[in-house]
Amino acid sequence: MKPHIFFRRVHYWASLPIAIPILIIVTTGLILQLKKSLPWVQPPEQRGQAAAPALTIPQILDISRVVPAAAIESWDDVYRVELRPSRNLIKVVSQNRTEIQIDAATGQVLQVAHRRSDLIESLHDGSWFHPLVKSWLFIPSAMVLLGLLLTGVYLFFVPILAKRRRARRTA
C-alpha cells in the first residue's frame, strides 16, 4: 500500500473515536482563552485601595464567613486564596466555587460572584470525569490528534510535490 493511501485511511478512521474528547478540549479551550473577557466564566477583577495589604490570614477567614453565598465556616470550606498585590486584592474561592474579592487594605468585600473557570479547566483536561478518563481517553486522544495533524500535513503536501515532479519531467 502506498504511503498516501495508508495515511489517508489512518487520517479518516482515527478521527472518529477522538471526535468527542477533542470537541470538549477545543470548546473548553476557547472558553478559557476568553475567560478574562467573559464574566460568566471568571468574575472581573476589582481594584482595592492604593495602600499596602494589611489583612491577616485570620481576618481573611472572618471576612469570608460573612458572605452567605460562599458557605465558609472554616478553612476546610476554602478552595483557594489568591493575593494580587498589583490590584491590592485578595480573592477567596470557596469549595462551592463562589469567589469573594476583598480589598487587601481595608477588608471591604468588593465583589461576590460564581467562578466557573475551575470547572471548565477540569473539563478541559478530563479530570472532571475520572482520573482514568484523563489518562486513558484524553491523553491518547491528544496523541491521535497529533498523528492526524502530521498525516494531514503529509496528505496536503503529497499532491503539491507530485505536481512539481510532473512539471520538472515535462520541462
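Atom set for the values below is all heavy atoms of this structure, side chains included, hydrogens, waters and symmetry mates excluded.
Judged by distance alone, with hydrogens and angles left aside, the side-chain atoms of Gln49 form no donor-acceptor pair with the main-chain N or O of Asn88 at under 3.5 Å. Panel note: side chain Arg84, backbone Ile90; no donor-acceptor pair is recorded below 3.5 Å. Distance alone, capped at 3.5 Å, places no donor-acceptor pair between the Thr27 side chain and the Ile24 backbone. Checked by atom type and distance alone, the side chain of Gln101 pairs as donor or acceptor with a backbone atom of Gln46 at under 3.5 Å. With Arg80 contributing its side chain and Val93 its backbone, the two residues share no donor-acceptor pair below 3.5 Å. The backbone N or O of Leu148 lies less than 3.5 Å from a partner atom in the side chain of Thr151, making a donor-acceptor pair. Between the side chain of His124 and the backbone N or O of Ile25 there is at least one donor-acceptor pair closer than 3.5 Å.
In Phe6, the CZ atom is not crowded: 12 or fewer heavy atoms of neighbouring residues, nucleotides or ligands sit closer than 6.0 Å. Annotation: Trp75, atom CH2; neighbour count of heavy atoms from other residues, nucleotides and ligands within 6.0 Å is above 12.
Closest heavy-atom contact between Ala69 and Val112: CB-CG1, 4.4 Å. The heavy-atom pair separating Ser135 from Pro140 by the smallest distance is O-CD, 3.3 Å. Scanning all heavy atoms of the two residues, the minimum distance from Ala54 to Gln59 falls at O-OE1, 3.8 Å. When all heavy atoms of Val66 and Asp62 are compared, the closest pair comes out as CG2-O, 3.4 Å. Listed here is the closest heavy atom pair of Ala167 and Thr170: O-OG1, 3.1 Å. Here the shortest heavy-atom pairing between Ala105 and Ala52 reads CB-O, 3.8 Å.
Note: the hydrophobic cluster containing Ile139 does not contain Val133 (ILVMFWY, side chain heavy atoms under 4.5 Å, direct or indirect links). The hydrophobic clustering, which links ILVMFWY residues whose side-chain heavy atoms are closer than 4.5 Å, places Val10 and Phe157 apart. Under a hydrophobic-cluster definition in which Ile, Leu, Val, Met, Phe, Trp and Tyr are linked whenever side-chain heavy atoms come within less than 4.5 Å, directly or via other members, Ile31 and Ile22 are assigned to different clusters. Neither Leu145 nor Leu149 shares a network with the other; the hydrophobic side chains, linked directly or stepwise wherever heavy atoms of I, L, V, M, F, W or Y lie under 4.5 Å apart, form separate groups for each. Hydrophobic clustering (ILVMFWY, side-chain heavy atoms < 4.5 Å, transitive): Ile102 and Leu83 are in one cluster.
Residues Ser74 and Asp77 meet the side-chain proximity criterion, which asks for heavy atoms closer than 4.5 Å. By the 4.5 Å heavy-atom criterion applied to side chains, Arg9 and Ile5 are counted as neighbours. Put simply, the side chain of Ile60 reaches to within 4.5 Å of the side chain of Val92, judged on heavy atoms. Under the 4.5 Å side-chain criterion, counting only non-hydrogen atoms from C-beta, Leu123 is in contact with Phe129. Contact annotation: the side chain of Gln33 never approaches that of Leu30 to less than 4.5 Å [non-hydrogen atoms, C-beta and beyond]. Between Tyr154 and Pro3 the shortest side-chain heavy-atom distance falls below 4.5 Å. Taking 4.5 Å as the limit, some side-chain heavy atom of Tyr79 sits within range of a side-chain heavy atom of Asp118. For the pair Glu45/Gln111, no side-chain contact is recorded, criterion being any heavy-atom separation below 4.5 Å from C-beta on.
Taken from OG in Ser86 to CZ in Arg47, the straight-line distance is 6.5 Å, to the nearest 0.5 Å. Taken from NZ in Lys35 to OG1 in Thr28, the straight-line distance is 11.5 Å, to the nearest 0.5 Å. In this structure, the separation between OG on Ser64 and CD on Glu73 is 11.5 Å, given to the nearest 0.5 Å. One distance of note links OG of Ser117 with CH2 of Trp40; it measures 10.5 Å at 0.5 Å rounding. Distance check: Leu150 CG to Leu155 CG gives 11.0 Å after rounding to the nearest 0.5 Å.
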Sequence neighbours excluded and cut-off under 3.5 Å, please list the side-chain donor-acceptor pairs for residues 12-20, or say none.
from  : atom 1 : to    : atom 2 : distance (Å)
Ser15 : OG     : Tyr12 : O      : 2.8

Inset, instruction - In sequence, state the C-alpha distance, the side-chain angles, and the governing distance for Arg97 and Arg116, and then conclude on side-chain contact (heavy atoms from CB on, under 4.5 Å). - result: CA-CA 7 Å; Arg97 300 303 188 251; Arg116 294 172 180 85; over 6 Å; no
Legend entry - Residue pair Glu82, Arg115: steps toward the salt bridge (charged side-chain N to carboxylate O under 4.0 Å, His left out) verdict: CA-CA 13 Å; Glu82 299 176 12; Arg115 180 182 174 125; 3.7 Å; yes
Inset, instruction - Show the numbers, then the answer: is there a side-chain contact (heavy atoms from CB on, under 4.5 Å) between Ile57 and Val81? - result: CA-CA 10 Å; Ile57 300 295; Val81 177; over 6 Å; no
